[in-house]
Amino acid sequence: MSGERKVQILIDEKAIAERTQALADEIAAAKPKDLLVVAILKGSFMFAADLLRAMHRAGLDPQVEFFHLSSYLEGTVSTGSVKILKDIESSVKDRDVLLVDDILESGRTLAFAKDLLTARGARKVMICTMLEKPGKRAVQIAADFVGFVCPDVFVVGYGMDVAHSYRQLPFIGRVVTGESSLPTMGEG
Ligand code: IMP
Ligand code: MG
């Protein structure tokens with residue numbers, strides 16, 4: 001139900017697919033052991049599904065779990081605190097874990113998840129995000145694998161939403177109401 005609003009494509013399907021396979025190949029090259037992939041819902045669901053298939057093609061056979069974490073309410077501004085809406089079921093003790101998320105922005109969500117799984121005894125907690133917004137970090141955290149560096153605009157599509165709309169789009173874009181000029185995307 002997007003009304004008159006249009007979404008301007010920033011990263012198209014082909015670029016996402018190629019970069020996702022390259023990320024999976026990088027992850028495989030890190031030779032993770034006893035790997036548990038933890039996708040952070042909801043925003044990462046589409047990226048995680050494609051990344052996992054790419055990881056299979058790269059020769060990996062991870063287990064997969066889901067964390068439902070939320071640092072946003074229904075708007076586009078971070079509330080600053082992270083809530084666990086659904087925890088994972090597996091033990092992470094002595095395992096390599098790959099956290100998968102849509103965007104690394106303030107870093108609060110991923111820092112929270114990484115600290116929690118480290119405290120639960122994970123051997124190594126790696127982070128893979130589709131997008132990274134530079135210059136927005138509120139806490140000290142870096143992703144090990146980044147798909148694309150994203151301009152400082154609110155993006156939607158490929159799992160990402162505004163109030164639950166736009167998640168179905170197969171590309172990443174920004175909602176526009178009229179003419180606008182865009183910064184360009186770079187690989188991360
Ligand atoms: P952080 O804790 O500030 O790093 O928040 C990261 C989370 O905020 C992401 O996993 C997204 O769910 C959400 N988010 C941040 N920026 C955007 C955006 O531009 N579009 C959609 N969701 C976003
Ligand atoms: Mg998220």
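Each ligand, and each atom within it, is numbered from 1 in the order the structure gives.
At least one heavy atom of S106 sits closer than 4.0 Å to an atom of ligand 1. Between K133 and ligand 1 there is a heavy-atom distance shorter than 4.0 Å.
Summarising the geometry, atom SG belonging to C150 is positioned 10.0 Å from atom NZ belonging to K136; distances are rounded to the nearest 0.5 Å. One distance of note links CZ of F145 with CG of L23; it measures 8.5 Å at 0.5 Å rounding.
Of the polar atoms of V156, none of the N or O atoms is found under 3.5 Å from an N or O of ligand 1, judged by distance alone. Checking only distances, V155 does come within under 3.5 Å of ligand 1, N or O to N or O. Inclusion of D161 in the set of residues having an N or O under 3.5 Å from an N or O of ligand 1 is not warranted.
Annotation: side chain of L110 is in contact with side chain of T129 (closest heavy-atom distance under 4.5 Å). The shortest side-chain heavy-atom distance between K31 and L60 does not fall under the 4.5 Å cut-off.
With a 4.0 Å cut-off on non-hydrogen atoms, K136 does not touch ligand 1 at all. The proximity of I103 to ligand 1, defined as any non-hydrogen pair under 4.0 Å, involves the side chain as well as the backbone. If you look at V153 next to ligand 1, the close heavy atoms, those under 4.0 Å, all belong to the backbone.
Listed by chain and residue number, H68, S70, K83 satisfy the side-chain contact (heavy atoms from CB on, under 4.5 Å) test with L85 (two or more places apart in sequence, or in another chain). Every residue two or more places apart in sequence or in another chain that forms a salt bridge (charged side-chain N to carboxylate O under 4.0 Å, His left out) with D34 is listed here: R95.
One N or O on the side chain of D96 and one on the backbone of K33 form a donor-acceptor pair closer than 3.5 Å.
Defined by atom type and a distance below 3.5 Å, a donor-acceptor pair is missing between the side-chain atoms of D102 and Y158.
Listed by number with element, the atoms of ligand 1 under 4.0 angstrom from any heavy atom of D101 are 10 (O). Residue T109 has at least one heavy-atom neighbour below 4.0 Å for each of these atoms of ligand 1: 1 (P), 2 (O), 5 (O), 6 (C). Each of the following atoms of ligand 1 lies closer than 4.0 Å to a heavy atom of E105: 3 (O), 4 (O), 15 (C), 16 (N).
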